[in-house]
2 protein chains.
Amino acid sequence: MAGNSQLTVAAHALTWIELHRRIGEGTATSEGVAGSVNTNPVVIRRLLGRMRDAGLVHSRRGADAGWVLARPLEDITLREVYEAIEPPPLFAMHRSDPNLGCPVGSGIQPAMRPVYARVEEAVRTELDRITLADVLRDVLASR
Amino acid sequence: MAGNSQLTVAAHALTWIELHRRIGEGTATSEGVAGSVNTNPVVIRRLLGRMRDAGLVHSRRGADAGWVLARPLEDITLREVYEAIEPPPLFAMHRSDPNLGCPVGSGIQPAMRPVYARVEEAVRTELDRITLADVLRDVLASR
DNA sequence: CTTCGAAGTAACCGTAAAAGTTACATTGTG
DNA sequence: CACAATGTAACTTTTACGGTTACTTCGAAG
């Protein structure tokens, strides 16, 4: 796949859970979310499982099982969602080690690593500006 | 692969070409670059071909064939290299379309698209701060 | 204490993108 | 013409993600 769709799906799932609750349809299930995302419920459970580990949602089992947000929408930023996903680095080093006998081969990774760290931080800073409440507002505004 | 190693390899190739020229070893070939990157020369030719299309390097054929930078190192930023590569988007939408009959399914992409556009711009802005001269300096400093 | 609906999870399959490889045509200077 | 290296098509390999199946676990309700 080109790029990573997980942040999109995570934002979709979380806003769906909240909207579902607001319109009084009861606890959201992975099957319900999957029906809106158009994917398999297991994919949703895997993704929400990581959100739960990060403290963004709670899951309930047994009767009336399903998912609820752990905090209000306006208190969750896309940065937190992004970090909950534990995404792979945006930029990778060489697939197989470069020629370390060459000055460039041995020096390029130490030179690029801090650059990539700053870029990743810039991404997180940008994502930190948007809350799930912003997302839900824009979702509803697009109709 | 996790993340995209092309920017790493591109920066590696360009700094190698310049260092090779500076130490008077003649025109850089894709085979020479590949030996430092530890990959196949065709991979390097494909990548440098896109750099050439973007005006960052010149390629010569015939006798004394090879690659040279089109501009001084300090006039080429990592942003230009990144854009020359034409990388896939950092964040993707759903692999298959969400359920458009659902308010969230129909609204999530319009809501996320501008967020991703801002994030991509933040990445480019950060990459614009670093020139290939900075990279070469740090490469040599790491020894 | 059984039932039942949904979470949790392991294991596997399918697919797509990138990297690697081979092979060969093209170029352009000596 | 010889040559060395680029240009490029076509194919294979690798890898990661998403999708799928199947099964276990949970826990409130009846």
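First the proteins, then the strands, lettered A, B, ... as listed; each starts at 1.
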Problem - Interface with DNA chain D, restricted to residues 41-57 of chain B and to heavy atoms under 4.0 Å - result: B/Val42, B/Arg45, B/Arg46, B/Arg52

Handout entry: Donor-acceptor pair present, B/Arg61 side chain and D/dT6 base, under 3.5 Å
Key = yes

Handout entry: Distance, rounded to the nearest Å, where A/Asn4 contributes CG and C/dA16 contributes P
Key = 17 Å

Practice task
Round to the nearest Å and state the distance from B/Asp64 atom CG to C/dT29 atom P.
Solution key: 10 Å

Problem - B/Ser30 vs D/dA5: side-chain N/O to OP1/OP2 distance below 4.0 Å - result: no

Practice task
Describe, in one word, how the ring planes of B/Tyr116 and B/Phe91 are oriented to each other, choosing from parallel (under 30°), tilted (30 to 60°) and perpendicular (over 60°).
Solution key: parallel

Practice task
Under 4.0 Å between any heavy atoms, over every strand shown, what does B/Thr39 touch: base, sugar-phosphate, or nothing? Just pick one.
Solution key: sugar-phosphate

Problem - Phosphate OP1/OP2 of D/dA4 contacted by B/Thr29 side-chain N/O (<4.0 Å) - result: no

Problem - Interatomic distance, A/Leu7 CG vs D/dG18 P [rounded to whole Å] - result: 12 Å

Exercise for the section: Look up atom CZ in B/Arg137 and atom OG1 in B/Thr15, then write down how far apart they are to the nearest 0.5 Å. Expected result: 13.0 Å

Practice task
Indicate whether any N or O donor in one side chain lies under 3.5 Å from an N or O acceptor in the other, for B/Arg50 and B/Gln6.
Solution key: yes

Practice task
Give a yes-or-no answer on whether the side chains of A/Ser36 and A/His12 include a donor-acceptor pair shorter than 3.5 Å.
Solution key: yes

Exercise for the section: Give a yes/no answer on whether the side chain of A/Ser5 brings an N or O atom under 4.0 Å of OP1 or OP2 in D/dG18. Expected result: yes

Handout entry: Polar side-chain atom of B/Asn38 near backbone of A/Asn99 as donor-acceptor pair, under 3.5 Å
Key = no

Problem - C/dA6 phosphate, OP1 or OP2, under 4.0 Å from A/Ser59 side-chain N/O - result: no

Exercise for the section: Scan B/Ala63 against the nucleic acid and name what it touches under 4.0 Å (heavy atoms): base, sugar-phosphate only, or nothing. Expected result: base

Handout entry: Any donor-acceptor N or O pair under 3.5 Å, side chains B/Ser30, B/Arg45
Key = yes

Exercise for the section: Specify the residue among A/Asn38 and B/Gly66 whose closest nucleotide of DNA chain D lies further upstream toward the 5′ end. Expected result: B/Gly66

